[in-house]
Amino acid sequence: MHIPDFELERYFARWEFAAPYLLCASDVEGWRMADLLALATPEDRARWENLTLGYTETSGLPPLREAIAGMYPGLTPDDILTFAGAQEALFVAMNVQLGPGTHAVVTWPGYQSLYEVARATGAEVTLLPLREDTGWALDLDALEAALRPDTRVVVVNFPHNPTGALPDRATFQALCALCEARGILLFSDEVYRLLEYDPEDTLPPAASCFAKGASLGVMSKAFGLAGLRVGWLACRDAELLARCRAFKDYTSLCNSAPSEVLALIALKAKEQVLARSRGLLTANLALLDAFFARHADVFHWVRPRAGSVAFPRLLRNVPVARFTEALIAREGVLLLPGDVYGFPGAHFRLGLGRANLPEALERLEHFVRAGGLDALG
């Protein structure tokens, strides 16, 4: 297999643990171990304290799969397969579903692995652009026009990384109906699901909509538990899950036993866990709204509808990578230039979920007010 370098991850490898202020993180502030364990039921606290550090079941800890299935109406634990993070689930699913002579349609801009893994299988990939001038809306007509007789997979990601876009329910249901009518697997990256700013905007999971809908989930984003490396695929296509399970024998084989128990604790207390995440996003989004209103001559802000990321655009005649490099050098604040998505223009990804966003935003404001951008022009 030949696959290009993952530009976003290479960028983070350079900066993520060196920058004092990560203003582009896609996850929500991580939980402290003691705080998470304090949420455990007596049964799960005992499970944790008596844990044996041996191999685990390939499909995942049964109570964990039961808790995950509870988030997907109509699904059972047999419809859930866990992985060492969402990345592994994506890698496995694309490899069992695609190959030479097949075709996939993938929304873009987006997380690079959503399309590069598909390409690396030998499949042809059509990128479906989302456009800022439509509020990053999903264009169903363009998607339908991109479909071919050999299309095996449509890949979407809503709430969307990096724009925070979210289609309405009617559009999403029409997408599901289109894929169902053609027998196409809808691979729905839903790792930011449950972070909708208005609960009424929450879409049904693809896995609950039709048999060939597959929902990708993870503990990293909405639950603030990226360090657990626990993800899953939810799907009622038993044959697809069986092939994924067999392929997983060549990747992680099974999950970390401690991570499974900690994920179970979080999911059983998911309302408390999600309330913390949503509280952070609500407070930070208010600060960002005010910031972009003050600097409307410098940045264009399409307000996200859900999730923990946004994709503003720099309005100055300065390459966006020069802006982000100067910001990290002068203020210690890291933003993610749109270049890492291969996306043209002057967009950059901004993260909404970290507790130190107020301090990071103050430093960004200082950079703007002190003429940092003018010095680059």
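Quick caveat, the model's predicted, so the values are computed rather than measured.
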Donor-acceptor contact present, side-chain [X] to main-chain [Y], <3.5 Å:
X      : Y      : value
Arg152 : Thr102 : no
Asn157 : Asp189 : yes
Ser277 : Ala222 : yes
Lys221 : Ser308 : no
Ser215 : Ala207 : yes
Arg65  : Gly60  : yes
Arg278 : Leu194 : yes
His160 : Pro109 : yes
Asp5   : Glu7   : no
Ser208 : Pro73  : yes

* More than 12 heavy atoms of other groups within 6.0 Å of Arg294 CZ -> yes

* Asked: CD of Glu29: more than 12 outside heavy atoms within 6.0 angstrom?
  -> yes

Residue pair [X] / [Y]: nearest heavy atoms and the distance that separates them:
X      : Y      : value
Phe323 : Leu376 : CA-CD1, 3.8 Å
Leu240 : Cys235 : CD2-SG, 4.0 Å
Leu185 : Ala214 : CD1-CB, 4.0 Å

Taking only Lys NZ, Arg NE, NH1 and NH2, and the carboxylate oxygens of Asp or Glu, determine whether [X] and [Y] approach each other closer than 4.0 Å.
X      : Y      : value
Arg119 : Glu116 : yes
Arg354 : Asp27  : yes
Arg363 : Glu359 : no

* **Distance-only side-chain donor-acceptor flag, Arg245 / Ser59, under 3.5 Å** => yes

* **Residues Glu190 and Ser188: side-chain donor-acceptor under 3.5 angstrom** => yes

Interatomic spacing from [atom1] in [X] to [atom2] in [Y] - rounded to 0.5 Å:
X      : Y      : atom1 : atom2 : result
Leu228 : Ser256 : CG    : OG    : 8.0 Å
Leu166 : Leu203 : CG    : CG    : 4.5 Å
Leu81  : Cys244 : CG    : SG    : 6.5 Å

Side-chain donor-acceptor distances from residues 331-345 under 3.5 Å, at least two apart:
| residue | atom | partner | partner atom | Å |
| --- | --- | --- | --- | --- |
| Glu331 | OE2 | His366 | ND1 | 2.7 |
| Tyr341 | OH | Asn161 | OD1 | 3.0 |
| Tyr341 | OH | Arg349 | NH1 | 3.1 |

* Asked: Applying ring pair (Phe, Tyr, Trp, His ring centres under 6.0 Å), which residue pairs with at least one partner in residues 248-295 are found, sequence neighbours left out?
  -> Phe291-His295, Phe291-Phe299, Phe292-Phe299, Phe292-Trp301

* Kindly write out the residues that satisfy salt bridge (charged side-chain N to carboxylate O under 4.0 Å, His left out) with Lys212, not counting sequence neighbours, or none if the list is empty. => Asp237

* salt bridge (charged side-chain N to carboxylate O under 4.0 Å, His left out) involving Arg182 - partner list, sequence neighbours excluded -> Glu144

* Excluding sequence neighbours, so at least two apart, what forms side-chain hydrogen bond (donor to acceptor under 3.5 Å, both in side chains) with Glu200? -> none

* To do: List for me each residue that meets ring pair (Phe, Tyr, Trp, His ring centres under 6.0 Å) alongside Phe223, sequence neighbours excluded, and say none if there are none.
  => none

* For Arg305, which of Asp201, Asp198, Thr163, Asp168 qualifies under side-chain hydrogen bond (donor to acceptor under 3.5 Å, both in side chains)? -> Asp201

